[in-house]
Asker: 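Quick one: the structure is below, questions incoming.
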2 protein chains.
Amino acid sequence: MPPTKPLDRVVPIGTLAERTGVKVETIRYYEQVGLLPEPERSEGNQRRYGRAHVERLAFIKHARDLGFAVESIRTLLRLSDTPGMPCDEAHAIAAGHLGEVREKIARLRSLEAELARIATVCSGGVAAADCAVIEALADHGRCEHHGH
Amino acid sequence: MPPTKPLDRVVPIGTLAERTGVKVETIRYYEQVGLLPEPERSEGNQRRYGRAHVERLAFIKHARDLGFAVESIRTLLRLSDTPGMPCDEAHAIAAGHLGEVREKIARLRSLEAELARIATVCSGGVAAADCAVIEALADHGRCEHHGH
DNA sequence: CTACAACCTATAGCCACTAGAGCTTCAAGA
DNA sequence: TCTTGAAGCTCTAGTGGCTATAGGTTGTAG
């Protein structure tokens, strides 16, 4: 028989990791915090995963990549496990997260403007006493009014 | 004598906290990790801060507000303490941080686009089985190619 | 049968705080 | 002077989402 690895229905944790792009340690962590159900074990006590696990982990990974908190993912998984439920909660989680992301962007943009201003004034080579970076940080009169 | 508090040269930790907008616990933490020097103590072992502490803590707060890591702030403070040194390092830290902030913004913007797409398709009220949010997360074929 | 990669558990560390328990000190009013 | 209560003190543990290490066991190719 050839190494039919990609078609195996039951795979060890390393293969699951490769297949989903999630590290082995992270997979065990997800199991520990209850995102991923405990899989069957081999005779020697090693984890053996099936197709359902691959799909569930892909779901988790995708949600994490989108920045959802583990707690939100727990809820989203619960919803996806009970397809009859209305999905208002899922929408609320996504919309809430979108709001957070937008806030973060806004905050980072104001940081970016401030940092760019500071960093362009001083491009190094000057004595620290006259450095615009140090000065800007020391001079709290300039920036504390538009709270970044 | 009236309560000349705002002009006192030696203040307890609570007043320092009020004056800088940094929480009492955080001030003690900064002292513990060596950002803020240990102040004098009252006879009863309570911290008493002077003008120099206020300025230093304001510097730290401003830098933290701008997102600098504590480790970077340590270096920036060292530079500002030795005004003769050239400030190339300060410039490098600021420029490096600006780069990180810009990367974060870029990543968040791609998240925002994806989340907005997902969240607008499904605005709730639908059964979870048909919910675009759940579906988008489950369907890894759609998004894994443009790595967010 | 042996070698060695891959697996296992348990624990500690990361960052920058934050919260709590259980105690002591300070300052204002009676 | 005494009492009260806010504010201070130290020490420890918890947060989120992993990541790393130590020290052992299992699976499998040659």
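In what follows, chains are A, B, ... by sequence order, proteins preceding strands, each numbered from 1. Just the heavy atoms: all of them, side chains too, but no hydrogens, waters or symmetry mates, feed the values below.
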Asker: For residues His53(A) and Pro37(A), determine if any side-chain heavy atom of one lies less than 4.5 Å from a side-chain heavy atom of the other.
Answerer: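 Yes, close enough: below the 4.5 Å cut-off.
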Asker: To the nearest Å, how far apart are Ile27(B) CD1 and dA19(C) P?
Answerer: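 From Ile27(B) CD1 to dA19(C) P: 15 Å.
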Asker: When the distance from NZ of Lys61(B) to P of dA16(C) is rounded to whole Å, what number comes out?
Answerer: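 These atoms are roughly 15 Å apart.
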Asker: Count the heavy atoms of every other residue, nucleotide or ligand shown that sit under 6.0 Å from CD of Glu40(B), and state whether that count exceeds 12.
Answerer: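 No.
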Asker: How far does the helix from dC1(C)-dG30(D) to dA30(C)-dT1(D) bend, going by the axes of its first and last five pairs, to the nearest 10°?
Answerer: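 Terminal axis comparison yields 10°.
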Asker: Name every residue in residues 68-76 of chain B that has at least one heavy atom under 4.0 Å from any atom of DNA chain C, in order of residue number, or write none if there are no such residues.
Answerer: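 Within this stretch, Ala69(B), Val70(B) sit under 4.0 Å of the strand.
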Asker: Can you name the nearest heavy-atom pair linking Arg78(B) to Thr82(B), along with the distance?
Answerer: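 Heavy atoms of Arg78(B) and Thr82(B) come nearest at O-OG1, 3.0 Å.
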Asker: Once side-chain contact (heavy atoms from CB on, under 4.5 Å) is applied, do any residues pair with Ala90(A), and if so which ones, sequence neighbours excluded?
Answerer: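 With neighbours one apart ignored, the set is Leu76(A), Leu79(A), Cys87(A), Cys131(B), Val133(B), Ile134(B).
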Asker: Does one hydrophobic cluster hold both Val70(A) and Leu98(A), with members joined at side-chain heavy-atom distances below 4.5 Å?
Answerer: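 Same cluster: Val70(A) reaches Leu98(A) through Ile, Leu, Val, Met, Phe, Trp or Tyr contacts under 4.5 Å.
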Asker: Could you write nucleotides 4-14 of chain C as a row of B, S and -, 5' to 3', where a protein heavy atom under 4.0 Å of any base atom gives B, of only sugar-phosphate atoms gives S, and otherwise -?
Answerer: ---SSB-----
Asker: Determine: side-chain N/O of Ser42(B) to OP1/OP2 of dG8(D), distance under 4.0 Å, yes or no.
Answerer: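 For Ser42(B), the contact criterion (side-chain N or O under 4.0 Å from OP1 or OP2 of dG8(D)) is not met.
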Asker: If you take all heavy atoms of Ala63(A) and Leu137(B), which pair is closest and at what distance?
Answerer: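 In this case the closest contact between Ala63(A) and Leu137(B) is CA-CD2, 3.8 Å.
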Asker: How long is the line joining CG of Leu16(B) and C1' of dA7(D), in whole Å?
Answerer: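 Result: 14 Å.
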Asker: Calculate the interatomic distance between Tyr30(A) atom OH and dG17(D) atom C1'; express it in whole Å.
Answerer: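 It works out to 7 Å between those atoms.
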Asker: Between Glu31(B) and Tyr49(B), which heavy-atom pair has the shortest distance, and what is it?
Answerer: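 Glu31(B) and Tyr49(B) have their closest heavy atoms at OE1-OH, 3.8 Å.
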Asker: Over all heavy atoms of both residues, which pair between Arg48(B) and Pro12(B) is shortest? Give the atoms and the distance, please.
Answerer: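 Here Arg48(B) and Pro12(B) meet closest at NH1-CB, 3.0 Å.
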Asker: As an exercise, state the distance from CD1 of Ile60(B) to CD of Glu55(B), rounded to the nearest 0.5 Å.
Answerer: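 Between Ile60(B) CD1 and Glu55(B) CD, I get 12.0 Å after rounding to 0.5 Å.
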Asker: Test of understanding: with side-chain hydrogen bond (donor to acceptor under 3.5 Å, both in side chains), list the residues that count as partners of Arg109(B), not counting sequence neighbours.
Answerer: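 Partners of Arg109(B) by the side-chain hydrogen bond (donor to acceptor under 3.5 Å, both in side chains) criterion come out as none, since no residue qualifies.
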Asker: Over all heavy atoms of both residues, which pair between Asp65(A) and Leu111(B) is shortest? Give the atoms and the distance, please.
Answerer: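 The pair with the smallest heavy-atom distance is O-CD2, 3.3 Å.
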Asker: Which atom names give the shortest non-hydrogen contact between Ala69(B) and Arg64(B), and what distance separates them?
Answerer: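 Scanning both residues completely, I find the closest heavy atoms to be CA-NH1, 4.1 Å.
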Asker: Could you tell me if the side chain of Phe68(B) sits less than 4.5 Å from the side chain of Leu115(A), heavy atoms only?
Answerer: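 In short, these two side chains touch, coming nearer than 4.5 Å.
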Asker: Give each protein N/O atom lying under 3.5 Å from an N/O atom of nucleotides 19-21 of chain D, with the pair distance.
Answerer:
unit_1	atom_1	unit_2	atom_2	d
dT19(D)	OP2	Thr26(A)	OG1	3.2

